[in-house]
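Here, residue 1 is the first one in the sequence, and each next residue gets the next number.
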Amino acid sequence: MLKIYGSEQCPDCINCKRDLDGANVPYLYLNISENLLFLKKFLKHRDENELFKPVKERGQIGIPCIEREDGSITFEWSEFIK
């Protein structure tokens with residue numbers, strides 16, 4: 001199952017959830033604004049994954065961060081919508 005690290009304060013995260021829900025894509029939503037354990041897990045990805053380098057250089061957070069079942073990360077939720 002997909003894991004999505006996000007925040008209800010992020011418009012892209014809200015759109016991601018809406019689109020995945022509309023396509024009946026199952027996922028586990030990990031709200032980093034409400035749970036420090038989720039925030040720590042997200043920050044570990046952000047600190048260790050090169051995919052976040054350009055995101056950080058632009059001063060962005062990098063959410064929604066979508067973790068595939070194989071552990072790889074993407075920011076593109078459209079690839080899961082059929």
Side-chain angles (χ1 to χ4, degrees):
M1 178 178 296
L2 298 175
K3 292 181 186 175
I4 301 175
Y5 295 89
S7 170
E8 293 303 312
Q9 299 172 25
C10 168
D12 288 335
C13 295
I14 293 167
N15 291 338
C16 173
K17 286 175 56 180
R18 180 201 63 220
D19 293 348
L20 293 176
D21 289 343
N24 295 314
V25 176
Y27 62 89
L28 176 63
Y29 188 75
L30 306 170
N31 190 333
I32 65 172
S33 296
E34 294 183 356
N35 186 304
L36 288 180
L37 178 61
F38 298 158
L39 177 60
K40 287 179 183 181
K41 289 180 179 183
F42 167 73
L43 290 175
K44 183 170 174 39
H45 285 303
R46 193 171 191 264
D47 290 344
E48 296 178 358
N49 192 310
E50 287 295 314
L51 186 63
F52 285 93
K53 186 176 181 187
V55 171
K56 291 190 282 187
E57 288 173 353
R58 292 189 303 264
Q60 297 173 323
I61 298 171
I63 55 175
C65 168
I66 303 165
E67 183 179 348
R68 297 178 185 97
E69 289 186 33
D70 67 2
S72 63
I73 299 291
T74 185
F75 303 115
E76 300 299 326
W77 66 88
S78 60
E79 70 182 75
F80 304 101
I81 297 172
K82 300 172 186 170

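A donor-acceptor pair is defined here as one N or O able to donate and one able to accept, closer than 3.5 Å; no such pair exists between the side chain of Arg46 and the backbone of Gly62. Although no hydrogens or angles enter the test, the distance criterion places no donor-acceptor pair under 3.5 Å between the side chain of Glu67 and the main chain of Lys3.
Note: Leu20 CG to Tyr27 OH = 6.0 Å, rounded to the nearest 0.5 Å. In this structure, NZ on Lys41 lies 8.5 Å from NE2 on His45, to the nearest 0.5 angstrom. To the nearest 0.5 angstrom, Asp47 atom CG is 13.0 Å from Lys40 atom NZ.
Of all non-hydrogen atoms in Pro64 and Cys16, the two that sit nearest each other are CG-CB, 3.9 Å. Pairing each heavy atom of Cys65 with each of Phe75, the nearest pair is CA-CD2, 4.3 Å. Heavy atoms only, all atoms of each residue included: Ser7 and Cys13 are closest at O-CB, 3.3 Å. Between Asp12 and Trp77, the shortest heavy-atom contact is O-CH2, 3.7 Å.
A cation-pi contact, defined as under 6.0 Å to the ring centre and within 45° of the axis, links Lys17 to Tyr29.
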Derivation and outcome, side chain to side chain contact (heavy atoms under 4.5 Å, CB included), residues Leu2 and Phe80: CA-CA 9 Å; Leu2 298 175; Phe80 304 101; 3.6 Å; yes
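Within a 6.0 Å sphere centred on CD1 of Ile61, heavy atoms belonging to other residues, nucleotides or ligands number 12 at most. Counting heavy atoms of neighbouring residues, nucleotides and ligands inside a 6.0 Å radius, atom CD of Gln9 does not exceed 12 of them.
Just one of Asn35, Leu43, Leu37 meets the side chain to side chain contact (heavy atoms under 4.5 Å, CB included) condition when paired with Leu39; it is Leu43.
Using a 4.5 Å heavy-atom threshold, the side chains of Ile73 and Arg68 count as separate.
When only modelled atom types and interatomic distance are considered, Tyr5 and Asn31 share no side-chain donor-acceptor pair under 3.5 Å.
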